[in-house]
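This report concerns only the one structure given below.
By convention in this document, chain letters (A, B, ...) are assigned in the order of the sequence lines, proteins followed by strands, and residues within each chain are numbered from 1.
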There are 2 protein chains.
Amino acid sequence: MNEKQPTIVDVAREAGVSIATVSRAMTGGSVSSVSRRKVEAAAERLNYRPGYYRSDPIKEAKHFIAAVLSSQTNPYYAAMCEGITAEAARSGYKLLVFSYPEGTSCETVAADLLDLRPAGALLAGFPTERSVNPETTRASLMRIQEAMPLVAIGPPVEGIECARQTLPDPSQCVRKAMAHLCMLGHRRIAFVGGDRSARFSTIRENAYYEEVQRYSCRRDPMYVMLTGTNVQAGELGVSILLGNHAREDHPTAIFAINDLVALGAMRQLHRMGLSVPGDMALVGCDNAFFTQYLTPSLTTIDLHPYEHGRSAVAELIMSISAGKPIAFNQSFESTLIVRESCGAALGVRTFEDAP
Amino acid sequence: MNEKQPTIVDVAREAGVSIATVSRAMTGGSVSSVSRRKVEAAAERLNYRPGYYRSDPIKEAKHFIAAVLSSQTNPYYAAMCEGITAEAARSGYKLLVFSYPEGTSCETVAADLLDLRPAGALLAGFPTERSVNPETTRASLMRIQEAMPLVAIGPPVEGIECARQTLPDPSQCVRKAMAHLCMLGHRRIAFVGGDRSARFSTIRENAYYEEVQRYSCRRDPMYVMLTGTNVQAGELGVSILLGNHAREDHPTAIFAINDLVALGAMRQLHRMGLSVPGDMALVGCDNAFFTQYLTPSLTTIDLHPYEHGRSAVAELIMSISAGKPIAFNQSFESTLIVRESCGAALGVRTFEDAP
DNA sequence: ATATCGGTTGTAAACGTTTCCACAGGTCAA
DNA sequence: TTGACCTGTGGAAACGTTTACAACCGATAT
């Protein structure tokens, strides 16, 4: 965190030109293409960023912290952002949210953070979640960590360790949902939504397999529909799911990887003439605002993103004032919100049902 | 936009101390309390902010623009934020969103913007929408405008003129909704939601009165329910509305000031045993994502916040490169999204119905 | 041949700020 | 009274950077 950053003088020496030429090259002044190439190469070698003369005490005094969220649309991250904002304001820090379009690379994020040099940075879901090239992602994260206190929210990615990584156990929601459904008597439970490029999705998928095992549920590869994460994904997933099975092999319950998928599933079920929860129990995930207003209202899992955002900021600010990463080790329980979409217990359980 | 900002030297002269003392006073070094007071007084008088030594070309080169949104929760602003992000990315600018808790004053925003000195600033809904003290709000806006190109989105506030103020006509949605409902034969139309402290709300309320006049609708002060802007506001509004009138005086249609209010209204109507659109037509506003999934799906007005955000950024960037405010004068049509919640035409229109 | 010109470069001076250093003045104990 | 030791202060140097200025180089025009 305290190593000397290279200055324009270092770059000039490395490139064999004057500092004026380096400055012009960086700011788009008129330089010959050969000089520009030399400067760029040298800057790249030294990992130089202009603007470091904004020295530390200033950024400290300014009390800016930066947050990068993987999505603004997603209600989960929206709620988290509110928590982040609230806690930052409470503790006197100003919050700057870097807003990027989908699919921005981690290198871009790192470059921008190093340009701005806030007092600390918060990475939520991004960019550990999806990465084109793990190696450059790793390097970028390292560069950020060297320059400022960093707290990442989300499941850790193998080989990419952050100083502080805080996460609600991403499989817990699956376990709670499966426990609830099995308690109600379901043993044919489908998993709808998600995709293999998203880390949280595969974690939940794996948790699903474990729970299927634990409760001796029906093991059927066709019960897993990784169709995506939006409303259409739910519609598509259900139509494939039910199209692929004879009526008597239909699952009796669906766990949807998020509430949008659950919504799509509910619509498609309705379209196909199946009732929820009569013919199919349904559990969503995220406790999105609209779930309480659906008919039937949706049983879902609250991951408490607001509190999680708050706590991540608190952790970050403690790290900033301590000058070193602080282990916070707060655990986040997900809570099951029972509503109408699972109905009553399935059938009557007799001794024959027991293993 | 180009006046000299006061420097530490000015403050030192004004306070009658050395620049070193000023610097120490600002960064929390050891200074006597009397010096500190002198420095603070001088800084206040001159409106001094440290950090201006980050000279103009840097902020230009970095291509940071800042956006301040009045709310992150509101789906309207969320969509606008996406548009802003997209356009900023497209044109190579980095977008920083200042995230504040509800009710932050305009002075705070101005101070932060002047600290960061981005290449340009975008104010959406905030802080022209609600202001505690119009005079300080005005002064703060002026300070921002002196320091950087500024584009404000939202209805202008009397006495507070921005260099560039871009807005979708906030009354147009009311006019389109009323025209649609009247075309369907309704003449007893209620206005539910909003509150007098929000500028956009009173503009729409006034537009409602005008349209009531134009179409010779029933004029009834109890048809106007300024109960707020969330789901509960809709529930409350409808229960008062219907509680206050004999059955034959019930309105036949409701315009809700936004989709959340419409959702609440729909629920309350359902609870009271009235069907939509059978017993009551309903129009919302904002075309929030969930409206298409309601049963019945909600007729609403799309204000095109995404495009509006894009265009505001385009305008801002043109102003930045031109070095002066650019009039863009793009108009934003709201569009009526006809769905199920208004049903078919009300009754059969005979010659007697005509005025 | 010389003059002119556009493009590229380095030197050095700015910029607004922090920080090192030395000094002035005060307090306190011997 | 002296010496030691604080505290607050200003001068000046340093920081990393941009930029005005002058010099240089090669090419083209006369």
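Computed from coordinates, the A:I19 CD1 to D:dG16 P distance equals 11 Å when rounded to whole Å. What separates CE of A:M26 from P of D:dT18 is a distance of 9 Å, to the nearest Å. The distance from atom NZ of A:K38 to atom C1' of C:dT8 is 12 Å, rounded to the nearest whole Å.
Between B:R310 atom CZ and B:H304 atom NE2 the span is 14.0 Å, to the nearest 0.5 Å.
Here B:V9 lies out of heavy-atom contact (under 4.0 Å) with every strand.
B:R90 and B:E87 are joined by a salt bridge, as a carboxylate oxygen and a charged side-chain nitrogen come within less than 4.0 angstrom of each other.
Side chain of B:A20, nearest nucleotide from C:dT17, D:dG10, D:dT17: D:dG10. Residue B:S23 has its side chain nearest to C:dT18 when only C:dG10, C:dT18, C:dG16 are considered. When the nucleotides D:dT9, D:dT19, D:dT18 are ranked by their closest atom to the side chain of B:R24, D:dT9 comes out on top. Relative to the side chain of B:S30, the nucleotides D:dG8, D:dT17, C:dG10 differ in distance, and D:dG8 lies closest. Closest to the side chain of A:I8, from the set C:dG10, D:dT18, C:dT9, is D:dT18. Picking from C:dT17, C:dA12, C:dG10 the nucleotide with the shortest atom distance to the side chain of B:Y48 gives C:dT17. You'll find that the side chain of A:S35 is closest to C:dT9, out of C:dG10, C:dT9, C:dT19. Closest to the side chain of B:T7, out of C:dC20, C:dT17, D:dT17, is C:dT17.
B:F98 has its side chain within reach of B:L113: a pair of non-hydrogen atoms, C-beta onward, lies under 4.5 Å apart. With a 4.5 Å cut-off on side-chain heavy atoms, A:I19 and A:V11 do not count as touching.
Neither OP1 nor OP2 of D:dG8 sits under 4.0 Å from any side-chain N or O of B:S32.
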